[in-house]
Amino acid sequence: MRPSSSVGRRLWLGAWALACQASLSTSVLACSTVMLGPADAPLVAYSYDLAQTGAGLVVVNGRGGERQSIMEGNPARWAASNGSVTFNQFGPGMPAAGMNEHGLFVSLMWNEDVRYEEAADGPVVNELEFIQRLLDTSATVGDALASIDHVAIKGHVPIHYFVSDAAGKTASLTPSPRGVVVRTGAEMPVPAKTNTTYGDLIDHLARLDGDGGRAPTADAGERSSLDRFVVAAEAARNTADRAVISDAFNVLAKVETPETRWQIVFDPTARTIRFQTVTAEGPRLIDLTALDFACRPARLALTIDHAPGQALAPLSKDDHTAMLADILPVFFHATGLGLDVAEGMADAQRASTICP
């Protein structure tokens, strides 16, 4: 049975409710993304910062199947043409960041100024499914931009997106009441994004330049969204001719906050991902060129803080449910959703992919 019933939507609304409330009160979802290096050899550095928990999955998403949103009403359906690797906190199909086999990268960042369409016409996805759909259906930034008008985002927490590809193209996508606002090319002069609307980030950088410098205004670990953007912009400028993996992890260290949980470096040219977490030594390496992207009802996955040498394996229903059972209690005081809904949420996510 397809997961278009209200259970999928109810579970999704609940799971994100704490992130919304916590971020509004303590600014804990302080994520950063920056592309380093020249267009023919870019690297993308991403920091996921959520104080409550760093638990999650590294998920291999196969190609060749059909996916459907878990949202009720008019859930979007699409063919998954590309394999990808994603980093997910709320189960398969709902990533925070990921890269596909063509080198297309998408990440999310909190932005309190985001507002979604009130009455979305046509097929809908939620704000995390939007990321998976872009990875499933697009090979380049151009492909991604051509596809965004085909679905509407029924979002419940304010996030915006950074998109890039193996040719060094980047785009800023920001949901608005009139649809997704796109900035790319000359309208995106700095290949970075934090937790502030992109135009405001650029305005802040211009003011600093006008004052004669770009020095951050706070110590590392205490930097605001604007401060972190300045750091990221400076790193992008300094590595415009060449960037190596250590450069990417160095800039992630500079934008680190007390809430940082995942630090991930994506190489869209080599199709590799390196990541480290606050709970496990790293960085770990994932080589997309060595993965089997066959469509599977149970996706290949690892816990993000897995032991060294642990192999990717099909995510069983029991493990899937157990993972959600670990996550949901963290959010219980805001959502009222506990262990009793973990199995239903796992069922909805597992049913969202149909293989031939």
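Quick note: numbers below take in every heavy atom, side chains included, and nothing from hydrogens, waters or symmetry partners.
For Tyr161, the ring pair (Phe, Tyr, Trp, His ring centres under 6.0 Å) partners are Phe130, not counting sequence neighbours. Taking Glu187 as the reference, nothing meets the salt bridge (charged side-chain N to carboxylate O under 4.0 Å, His left out) condition, with sequence neighbours excluded. Take Asp292 and apply the salt bridge (charged side-chain N to carboxylate O under 4.0 Å, His left out) test, not counting sequence neighbours, and it matches Arg296. Legend: residues meeting salt bridge (charged side-chain N to carboxylate O under 4.0 Å, His left out) with Asp136, ordered by chain and number and at least two apart, are Arg67. Residues passing the side-chain contact (heavy atoms from CB on, under 4.5 Å) test with Ala166, sequence neighbours excluded: Pro268, Arg271. Every residue two or more places apart in sequence or in another chain that forms a side-chain contact (heavy atoms from CB on, under 4.5 Å) with Ala45 is listed here: Val34, Ala248, Val251, Leu252. Not counting sequence neighbours, the partners of Asn74 by the side-chain contact (heavy atoms from CB on, under 4.5 Å) test are Pro123.
One finds the OG1 atom of Thr140 at 6.0 Å from the CG atom of Asp165 (value rounded to the nearest 0.5 Å). Residue Glu129 holds its CD atom at 13.0 Å from NZ of Lys154, rounded to the nearest 0.5 Å. Of the inter-residue distances, the one linking Lys254 atom NZ with Glu234 atom CD reads 8.5 Å to the nearest 0.5 angstrom. Here the CG atom belonging to Asn111 is positioned 11.5 Å from the CG atom belonging to Leu108, to the nearest 0.5 angstrom. The distance from atom CD1 of Ile286 to atom CG of Leu302, rounded to the nearest 0.5 Å, is 6.5 Å.
Side-chain atoms of Ser32 and Ser47 form no donor-acceptor pair, as typed in the model, at a separation below 3.5 Å. Defined by atom type and a distance below 3.5 Å, a donor-acceptor pair is present between the side-chain atoms of Ser84 and Asn61. Defined by atom type and a distance below 3.5 Å, a donor-acceptor pair is present between the side-chain atoms of Thr196 and Ser225. Side chain to side chain, Asn82 and His102 meet the donor-acceptor criterion of an N or O pair below 3.5 Å. The closest side-chain donor-acceptor pair between Asp287 and Thr272, if any, does not fall under 3.5 angstrom.
Counting heavy atoms from C-beta on, the side chains of Arg274 and Phe249 come closer than 4.5 Å. Taking 4.5 Å as the limit, some side-chain heavy atom of Arg133 sits within range of a side-chain heavy atom of Val151. Put simply, the side chain of Leu135 reaches to within 4.5 Å of the side chain of Thr86, judged on heavy atoms. Contact of the Met94 side chain with the Glu127 side chain is not registered, since no non-hydrogen atoms from C-beta on lie closer than 4.5 Å. Proximity of Ile264 to Tyr48: side-chain heavy atoms (C-beta onward) are nowhere separated by under 4.5 Å. Residues Leu36 and Val44 have side chains not in contact (no heavy-atom distance under 4.5 Å, counting atoms from C-beta outward). Inter-residue side-chain proximity for Tyr46 and Gln263 is flagged as unmet; no heavy-atom pair is nearer than 4.5 Å. Annotation: side chain of Phe293 is in contact with side chain of Leu288 (closest heavy-atom distance under 4.5 Å).
For residues 143-187, there are no disulfide bond (SG atoms under 2.5 Å apart) pairs, not counting sequence neighbours. Residue pairs meeting the disulfide bond (SG atoms under 2.5 Å apart) criterion with at least one member in residues 260-323, sequence neighbours excluded: Cys295-Cys355. For residues 95-108, the set of pairs meeting the salt bridge (Lys or Arg N to Asp or Glu O under 4.0 Å) definition, not counting sequence neighbours, comprises Arg63-Glu101. Counting only residues at least two apart or on different chains, the salt bridge (Lys or Arg N to Asp or Glu O under 4.0 Å) pairs with a member in residues 302-330 are Lys317-Glu343, Lys317-Asp347. The stretch residues 189-206 participates, sequence neighbours left out, in no salt bridge (Lys or Arg N to Asp or Glu O under 4.0 Å) pair at all.
The aromatic rings of Phe87 and Trp262 are tilted relative to each other, their planes meeting at an angle between 30° and 60°.
Considering Gln132, Arg299, Arg350 as possible partners of Pro92, the one that fulfils the side chain to side chain contact (heavy atoms under 4.5 Å, CB included) test is Arg299.
Val181 and Val125 end up in different hydrophobic clusters when Ile, Leu, Val, Met, Phe, Trp and Tyr side chains are linked at under 4.5 Å.
When every heavy atom of Phe266 is checked against every heavy atom of Ala97, the shortest pair comes out as CZ-CB, 4.4 Å.
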Next item on the list: Walk me through it: do Thr257 and Arg223 pass the test side chain to side chain contact (heavy atoms under 4.5 Å, CB included)?
Entry: CA-CA 7 Å; Thr257 75; Arg223 290 177 179 156; over 6 Å; no
